[in-house]
Number of protein chains: 2
Amino acid sequence: MSDALDTSALLLPPGPVDLSIIETDAAPGFAGKKKDGKAALAGLGDELADLQERLFAERSVGSERRILLVLQGMDTSGKGGTLRHTVGLVDPQGVRITSFKAPTDEEKQHDFLWRIRHAVPDAGTIGVFDRSHYEDVLVVKVHGWADAEEIERRYDAINAFERELADGGTTIVKCMLHLGVDEQKARLQERLDNPEKHWKYNPGDLDERALWPAYQRAYEIALERTNTDVAPWHVIPADKKWFRNLAIGHLLLEALRSLDLEWPSADFDVEHELRRLAESDPA
Amino acid sequence: MSDALDTSALLLPPGPVDLSIIETDAAPGFAGKKKDGKAALAGLGDELADLQERLFAERSVGSERRILLVLQGMDTSGKGGTLRHTVGLVDPQGVRITSFKAPTDEEKQHDFLWRIRHAVPDAGTIGVFDRSHYEDVLVVKVHGWADAEEIERRYDAINAFERELADGGTTIVKCMLHLGVDEQKARLQERLDNPEKHWKYNPGDLDERALWPAYQRAYEIALERTNTDVAPWHVIPADKKWFRNLAIGHLLLEALRSLDLEWPSADFDVEHELRRLAESDPA
């Protein structure tokens with residue numbers, strides 16, 4: 001059956017990580033082609049929307065449950081496209097997207113998790129981090145903006161933070177969009193060739209690209225150190241945009257399914273309210 | 001041609017307002033039926049998405065322009081449905097929805113515009129207010145939670161605030177979802193009849209419904225007092241959900257069109273970057 005994706009193929013096993021042996025242009029766990037993948041993603045829409053609404057509804061009876069989707073990846077790996085094509089399948093009322101840029105002066109005055117805590121999703125919602133606290137052990141490490149001891153402290157701080165979130169009712173879905181170095185080149189080329197995409201290009205992107213091996217190594221260490229039971233990592237081959245979208249759609253759906261969401265029961269007397277309504281003709 | 005909507009039919013003329021003479025189940029400015037209306041809304045999607053991306057792109061070159069869509073209406077008038085079906089047509093990255101509930105204790109310590117200012121959309125984005133500062137001259141007036149003098153002050157404060165936003169680059173689109181009292185009854189009935197919708201029902205909704213005439217009067221005064229050149233009101237007949245969605249889709253599209261959005265020009269040397277990219281093979 002070509003429309004189901006076995007997401008266990010995306011789950012990062014515990015232990016040391018070697019990204020170089022994980023293909024970036026593969027479609028693990030999915031037997032179909034691009035056309036099948038696009039149809040399969042569209043086919044998830046109704047169930048995603050239904051379960052998201054149930055999650056949102058739960059809040060009205062005091063549930064603290066919520067979902068946090070963390071998207072990490074190199075420039076052009078498709079975090080934005082995922083937001084448009086996958087997160088865009090559910091009701092925007094129930095979604096809160098936070099795009100983390102370089103920290104502001106105020107944010108720099110605080111611990112690296114300070115601004116992250118401000119963006120934690122509300123109960124009943126799906127929060128999405130486009131970049132995240134992981135930048136503080138990735139770009140910061142690659143550029144040497146913090147010393148080794150501080151980076152070490154941060155892995156532990158991240159794990160403690162994510163456990164705290166999980167204990168408080170947050171289902172965490174972490175996705176590393178795993179892009180090939182040649183595919184990044186093609187995508188940057190496209191941004192330069194197409195005047196409508198110039199705004200997405202920044203000369204600094206090539207400076208970061210020059211640091212590719214250091215970034216891959218930083219990712220490997222970060223993935224290994226923060227690949228916990230409560231917040232495991234998924235590595236999503238990201239050269240094929242349709243596969244990336246489908247894979248994350250499935251992970252989001254499975255996170256929602258795992259909550260066994262029921263519509264909340266009425267906390268009022270339905271018959272009584274029906275009688276009150278029948279008698280209400282104010283105008 | 002049945003797929004275009006003449007939004008001038010929705011614009012509230014200056015002067016005193018009598019909501020009772022504006023039909024709630026009409027489809028002003030649109031010649032088609034429900035099927036045509038749904039197709040017409042879907043047909044707006046590509047241009048909406050394209051222009052929204054241009055607005056978002058402008059921010060990268062320092063533009064301060066943004067859009068604020070204000071949705072006001074009685075319970076069940078369909079603010080949520082509008083968010084799902086109309087606002088959901090554009091990239092969620094570029095949208096920030098704020099649903100205003102009863103003010104918190106902290107919010108009550110401040111002027112009524114304090115929490116509103118915190119929710120003003122960022123440059124380049126479309127902000128949507130699901131309820132708004134208008135609650136402070138509607139529910140507050142109907143229940144007498146502020147005296148007449150304070151309510152008077154607020155109309156002026158709102159106009160000054162909206163002018164300030166407009167001067168700062170915000171295009172404001174204000175929509176009053178004009179629902180019929182019988183249609184509200186039918187929608188509340190549906191929420192009571194369908195257990196999957198019980199969570200949307202609150203016994204307090206009937207208490208508010210009993211105040212319908214007072215609310216209509218408060219709306220009439222608020223609409224009249226805040227129907228300004230920089231932030232005019234639109235009254236959207238809201239009994240037909242498809243019309244409500246289509247009308248607001250058109251108003252959003254026209255707001256975007258009015259900005260004459262162009263893709264930003266490159267602020268770097270494209271040829272130079274292409275050469276740098278060609279030589280970049282870090283891995």
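Residue numbering restarts at 1 for every chain, and letters A, B, ... go by the order of the sequence lines. These numbers were taken from a predicted model, which means no experiment stands behind them.
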Pick one of side chain, backbone, both or neither for [X], based on which atoms fall under 4.5 Å of a heavy atom in chain A.
| X | value |
| --- | --- |
| Asp122(B) | neither |
| Pro213(B) | side chain |
| Asp130(B) | side chain |

Among [options], single out the residue with the greatest number of heavy-atom pairs under 4.5 Å to chain B.
| options | result |
| --- | --- |
| Leu277(A), Leu83(A), Leu89(A), Leu211(A) | Leu277(A) |
| Leu206(A), Val87(A), Val90(A) | Leu206(A) |
| Ala278(A), Ser60(A), Gly88(A), Pro203(A) | Pro203(A) |
| Glu271(A), Gln184(A), His272(A), Gln93(A) | Gln93(A) |

Just by distance, do the side chain of [X] and the backbone of [Y] share a donor-acceptor pair under 3.5 Å?
| X | Y | answer |
| --- | --- | --- |
| Thr125(A) | Gly127(A) | no |
| Arg66(A) | Gly169(A) | no |
| Asp25(B) | Asp239(B) | no |
| Lys38(B) | Trp242(B) | no |
| Tyr219(B) | Gly73(B) | yes |
| Ser132(B) | Phe129(B) | no |
| Arg115(B) | Glu107(B) | no |
| Arg209(B) | Val181(B) | yes |

_Tell me which of these, Ser265(B), Ser20(B), Ser280(B), has more heavy-atom pairs under 4.5 Å with chain A than the rest._
Ser280(B)

*chain A: which of Ala57(B), Ala266(B), Pro264(B) shares the most heavy-atom pairs with it under 4.5 Å?*
Ala57(B)

*Given that the side chain runs from C-beta out, which part of Ala49(A) has a heavy atom under 4.5 Å from chain B: side chain, backbone, both or neither?*
neither

*Which residues, numbered in order, of residues 95-106 of chain A come under 4.5 angstrom of chain B by heavy-atom distance?*
Arg96(A), Ile97(A)

*asked:* Applying a heavy-atom distance below 4.5 Å, give me the residues of residues 186-200 of chain A that approach chain B, sorted by number.
replied: Leu188(A), Gln189(A), Leu192(A), Asp193(A), Pro195(A), Glu196(A), His198(A), Trp199(A), Lys200(A)

*Heavy-atom check, side chain of Thr24(A) versus side chain of Leu179(A), under 4.5 Å*: no

*Can Glu64(B) and Arg59(B) be counted as an ion pair, charged N to O under 4.0 angstrom?*
no

*Tell me, yes or no, whether the heavy-atom count around Asp18(A) atom CG, taken from other residues, nucleotides or ligands under 6.0 Å, exceeds 12.*
yes

_side chain to side chain contact (heavy atoms under 4.5 Å, CB included) partner of Thr82(A), the single match among Val128(A), Leu252(A), Leu177(A)_ = Leu177(A)

*Apply the test salt bridge (Lys or Arg N to Asp or Glu O under 4.0 Å) to residues Asp207(A) and Arg276(B): give CA-CA distance (whole Å), side-chain angles for both, the deciding distance (0.1 Å), then the verdict.*
CA-CA 10 Å; Asp207(A) 302 327; Arg276(B) 284 181 70 208; 2.7 Å; yes

*Would you name the heavy atoms of Pro282(A) and Ala210(B) that are closest together and state the gap between them?*
CB-O, 3.9 Å

